[in-house]
Undergrad: 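The structure under discussion is supplied below as structure tokens; questions concerning it will follow.
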Amino acid sequence: MADSLTLPQSFIDEMIVHAREDTPNECCGVVVRYPDGALKLYRATNAEASPYRFALPPAELHYLFSAIEKQRADLFAIYHSHTQTDARPSLTDLRFAGMLEGPDPWPYWVLVSLSEEPPDVRAWRIQDGHETEVRLRRGDPDAGSRRCRLESSGGPLKVSVTEVPLSP
């Protein structure tokens with residue numbers, strides 16, 4: 001493994017909780033890195049409501065990218081679960097990442113597999129349709145990290161997204 005990713009243990013724990021709560025469907029979310037190095041986990045909604053794929057709802061995606069741009073932050077990692085397969089990128093994941101590759105390195109991918117107990121959590125880099133596993137390091141439980149859940153409300157023409165902090 002050529003690279004490593006360090007995430008607070010509270011993020012890894014939250015990803016596992018999120019995966020279990022959304023079973024039988026995949027869960028999804030992102031980790032954002034701010035210019036001062038602080039990290040924030042955004043627990044998102046799987047608009048697909050599927051055990052085989054995930055997609056963030058357009059309103060949540062817009063909210064995230066607006067927040068990232070305003071704060072000059074980076075999309076640091078994308079996480080989602082696999083309910084019945086290993087914590088390794090699927091062909092669907094590889095295709096999805098390939099459609100979104102650009103000039104900057106694509107974010108880390110963190111996959112939570114519920115196919116075994118305890119759940120397996122692994123990190124990856126995906127580039128040019130190929131995955132490379134990176135070492136997932138568990139950092140301090142909080143280390144200045146923040147976690148929230150995105151909630152959407154409103155009707156089909158106007159959706160409002162708010163952040164709901166998750167308890168420590």
Undergrad: Can you check whether V110 reaches F11 side chain to side chain, under 4.5 Å on heavy atoms?
TA: no
Undergrad: Got a second to check how far L41's CG is from D13's CG, nearest 0.5 Å?
TA: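 So the gap between those two atoms works out to 11.0 Å.
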Undergrad: For the residue pair A19 and L114, what are the closest heavy atoms and their distance?
TA: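 The pair with the smallest heavy-atom distance is O-CD1, 3.5 Å.
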Undergrad: Compare every heavy atom of L136 with every heavy atom of R138, then report the nearest pair and how far apart it is.
TA: NH1-O, 3.8 Å
Undergrad: Just by distance, do the side chain of S81 and the backbone of C27 share a donor-acceptor pair under 3.5 Å?
TA: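 Side chain of S81 to backbone of C27: a pair is present.
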Undergrad: Are Y42 and V32 packed together at the side-chain level, in the sense that at least one heavy-atom pair is separated by less than 4.5 angstrom?
TA: yes
Undergrad: Among D120, D93, T85, whose side-chain contact (heavy atoms from CB on, under 4.5 Å) with L111 holds?
TA: D93
Undergrad: In terms of heavy-atom contacts, does CD of Q84 have more than 12 from other residues, nucleotides or ligands at under 6.0 Å?
TA: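 Atom CD in Q84 is not packed in, count stays at 12 or less.
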Undergrad: So do S152 and E60 actually touch side chain to side chain, heavy atoms under 4.5 Å?
TA: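 They are in side-chain contact.
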Undergrad: Can you tell me how far apart CZ (R88) and CD (E133) are? Round to the nearest 0.5 Å.
TA: 7.0 Å
Undergrad: Where do A55 and C28 come nearest, in terms of heavy atoms and distance?
TA: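 Nearest pair, atom of A55 first, then C28: O-SG, 4.4 Å.
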Undergrad: Can you get from L166 to V17 by hopping between Ile, Leu, Val, Met, Phe, Trp and Tyr side chains that sit under 4.5 Å apart?
TA: no
Undergrad: Can you measure from OG (S66) to CD (Q71) and round to the nearest 0.5 angstrom?
TA: 11.5 Å
Undergrad: Which atom names give the shortest non-hydrogen contact between S10 and R147, and what distance separates them?
TA: O-CD, 3.8 Å
Undergrad: Does D36 reach the main-chain N or O of A38 with its side chain, forming a donor-acceptor pair under 3.5 Å?
TA: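 Here the side-chain-to-backbone pair exists.
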Undergrad: Can you name the nearest heavy-atom pair linking P107 to R125, along with the distance?
TA: C-NH1, 4.0 Å
Undergrad: Regarding H18 and D22, do their side chains bring together a donor and an acceptor under 3.5 Å, going by distance alone?
TA: yes
Undergrad: Nearest 0.5 Å please: distance from the CD atom of E26 over to the NE2 atom of H82.
TA: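 Nearest 0.5 Å value for the CD-NE2 distance: 5.0 Å.
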Undergrad: Side-chain contact, heavy-atom cut-off 4.5 Å: M15 with L7?
TA: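 Yes - at least one pair of side-chain heavy atoms lies under 4.5 Å apart.
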Undergrad: Has Y108 got a side-chain atom pairing as donor or acceptor with S4's backbone, closer than 3.5 angstrom?
TA: yes
Undergrad: If the threshold is 4.0 Å, N to carboxylate O, is there a salt bridge linking E21 and R149?
TA: no
Undergrad: Indicate the atoms forming the closest heavy-atom contact of I78 with F54, along with that distance.
TA: CG2-CZ, 4.1 Å
Undergrad: Drop me the distance from N25's CG to T45's OG1, to the nearest 0.5 angstrom.
TA: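 Output value for this atom pair is 12.0 Å.
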Undergrad: Contact between L5 and F76 at the side-chain level, heavy atoms closer than 4.5 Å - yes or no?
TA: yes
Undergrad: What's the verdict on side-chain contact (heavy atoms from CB on, under 4.5 Å) for V121 and I16, showing C-alpha distance, side-chain angles and the deciding distance?
TA: CA-CA 8 Å; V121 182; I16 292 169; 3.8 Å; yes
Undergrad: Contact between T83 and P24 at the side-chain level, heavy atoms closer than 4.5 Å - yes or no?
TA: no
Undergrad: Answer yes or no: does atom CD of E116 have more than 12 heavy-atom neighbours from other residues, nucleotides or ligands under 6.0 Å?
TA: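 For E116, atom CD is crowded (more than 12 foreign heavy atoms under 6.0 Å).
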Undergrad: Quick one: are E163 and L150 in side-chain contact, heavy atoms under 4.5 Å?
TA: yes
Undergrad: Would a single hydrophobic cluster contain both L75 and L56, if residues Ile, Leu, Val, Met, Phe, Trp and Tyr are joined by side-chain heavy-atom contacts under 4.5 Å?
TA: yes
Undergrad: Should F65 and W109 be regarded as members of a common hydrophobic cluster, given that ILVMFWY residues are connected when their side-chain heavy atoms come within less than 4.5 Å of each other, either directly or indirectly?
TA: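 Yes; tracing contacts between hydrophobic side chains, which count when under 4.5 Å, links both residues.
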